[in-house]
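In what follows, every heavy atom counts, from backbone to side chain, and hydrogens, waters and symmetry copies are set aside. All figures in this text were calculated on a predicted structure; none of them were measured in a lab. In the text below, chain A, chain B and the rest are named by the order of the sequence lines, each starting its count at 1.
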Amino acid sequence: MTAVPATRELSFGQAINEALRQAMRADPTVIVLGEDIAGGAGRAHLGFVDAWGGAMRATRGLIQEFGPERVIDTPISEMGFVGAAVGAAMTGLRPVVEVMFVDLIGMCLDQIVNQAAKMHYMMGGAVRVPLVIRTAYGTRGDKRTYGGGAAAQHSQTLYSVLAHFPGLKVVVPSTAFNAKGLTTSAIRDDGPVVVMEHKFLGLHARSHVPTEPYTVPIGKAEIARRGKDVTLVGMGRTTHLCLEAAALLEKDGISAEVVDLLTLNPLDEESVFESVSRTHRLVVVDEDTPVCSIARDVAARVAEKAFDFLDAPIRTVTAADAPVPFAAVLEALYSPRVEQIVAAVREQLG
Amino acid sequence: LTYRYYGHHQTDDTRRYRLPGEEEAARARDCVALLRARLESLGVAQADELEAIEAENKALLEQAVVFARSSDLPPASELTTDVYVPAPGER
């Protein structure tokens, strides 16, 4: 008889917390650093108590267990602390650095693009940068709908920007289960990996998560729902929009398959081609702005390499080609919506 | 050095992570207050002039809040308005 692995329901943030905690217990070279990851910890009058634990609460409690030498609350200087993490990764540690919101990535892009992503290549494979960058993205979306009102500088998605750089892996978990597994894989990976955590999922997604450490492979998409009439490709938050659209389409007798990319670079195009070879239609749903997006990258790969499978033009549903607006009524129009996905499928099926 | 008197957002309670007396010390070297005192001591501006400027700006801000609260919500067309500056000759 095989023992059933123990699981219990965790939030997305708690699942990441557990991945960090278990990795830090297993490997003393794993450290975490970033702004407010403990929040005031180490102040003489407070002791090592974290006041905050990061925007997703993903680092909450780590300083109590691992102390301020491995849980480093940094000043507000992304260039400084991401640079420090890159250097630490090159010289024997496995840093997990939190860039609170991906909107701040511009502050440290040189450290990521010109140092972390290409050092292995430039040194002829002699140097490895086992770095994890965790960062929150997306419109805040307090409720089921959007409308977080975090505005143009704290709501961006930007994963297509990071997926652009050769040498940098980019993963986008969609559930608490794959958040823990992908975070664990990212920490064990010997190269730099960006883990993109959607703000809405971070605070609201819950699923059953095994208590033991486990990995979800980087570079592998998953079929989140089986179907035969159309393939909906999602990533992170948009996987859930695709699943909602598929449930609505089912009422009309349309069977939609949902492919959750999980990794944006290296992208598992084979899984997309395989799905499209059975459904013959493709809609890609991407929360990033449309120009140079993952949506258009997937569409181009299918158009180049799997065109003969298609029975209808590929459709993409993306954010508007604009900064994220502040007003809730506009933010609700900005990001991809379930009804847009349903409308795209209906058009394809004519 | 910049010092933030208030929380980073509405629910941020600064007492959770600040040393006692820290904010008072920052207020004692508040650069706005120091500049004001310096302007007065140098005779660049009188106290009543500075108070008038302050009152004028406070009134402007209050008007802005009233305007914002009483305005209609923006129409959908605003979503993609003002992304790019118009090309020369346009608009």
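The local environment of CD in A:Glu339 is crowded, with over 12 non-hydrogen atoms from other residues, nucleotides or ligands closer than 6.0 Å. By the 6.0 Å contact criterion, CZ on B:Arg69 is open, its count of non-hydrogen atoms from other residues, nucleotides or ligands being 12 or less. Enclosure of atom OH in B:Tyr3 by more than 12 non-hydrogen atoms of other residues, nucleotides or ligands within 6.0 angstrom is indicated. Surrounding CD of B:Glu24 are more than 12 heavy atoms belonging to other residues, nucleotides or ligands, all under 6.0 Å away.
In terms of heavy atoms, A:Val329 sits closest to B:Leu73 at CG1-CD1, 3.6 Å. In this structure, B:Leu79 and A:Ala322 approach most closely via the heavy-atom pair O-CB, 3.4 Å. Across all non-hydrogen atoms, the minimal contact from B:Ala76 to A:Leu333 is CB-CD1, 3.5 Å.
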